[in-house]
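Note sheet for the following structure.
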Amino acid sequence: MGLFYSLPKSVSETTQKMIVDAVKIADPEERKVKLQAATEAADKTAKSTPQQFNWGRFFMALAIGALLFVGSVWTAKNGLPDISKVLINCVPAYMTLIAGLIAGEAQKK
């Protein structure tokens, strides 16, 4: 699972339910076997299901970048040039980080 790419909610819920059902078994040996089988099935399902881009997280990351930019402009207008320089230098670094995460996750996908 990545930050911007994730499994569809229905797949996540199904795999979680399989593991939780296996944990509820009272017999330790049977629980171990069922938990191993549930974990393998969940892993197989997760690997075979295509991941979806999470637009909400992407827009939230862009909003944080915009806040960094607005903060740098505000501090420059209010006589805080040193803080403004730091913030304005953080904006491209942050956006590069976001682009790198998306590209890396897309390649891994």
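The structure presented is a predicted model; accordingly, all values stated were derived computationally and were not measured. Residues: numbered from 1 along the sequence shown. Atoms considered below: every heavy atom in the structure, side chains included; atoms not considered: hydrogens, waters and symmetry mates.
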All N/O donor-acceptor pairs, side-chain side in residues 83-104, below 3.5 Å, sequence neighbours left out:
| from | atom 1 | to | atom 2 | distance (Å) |
| --- | --- | --- | --- | --- |
| S84 | OG | S72 | O | 2.8 |
| N89 | ND2 | K85 | O | 3.0 |
| Y94 | OH | A61 | O | 3.1 |
| T96 | OG1 | P92 | O | 2.7 |

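- Listed by chain and residue number, F53, W55 satisfy the ring pair (Phe, Tyr, Trp, His ring centres under 6.0 Å) test with F58 (two or more places apart in sequence, or in another chain).
- How far CD of E105 is from CZ of F4: 7.0 Å, rounded to the nearest 0.5 Å.
- Transitive grouping of hydrophobic side chains (ILVMFWY, heavy atoms separated by less than 4.5 Å) brings Y5 and L62 into a common cluster.
- By the side chain to side chain contact (heavy atoms under 4.5 Å, CB included) test, V73 is found to be paired with F69, K77, residues two or more places apart in sequence or in another chain being considered.
- Linking ILVMFWY residues whenever their side-chain heavy atoms come closer than 4.5 Å, directly or via other members, leaves F59 and V70 in distinct clusters.
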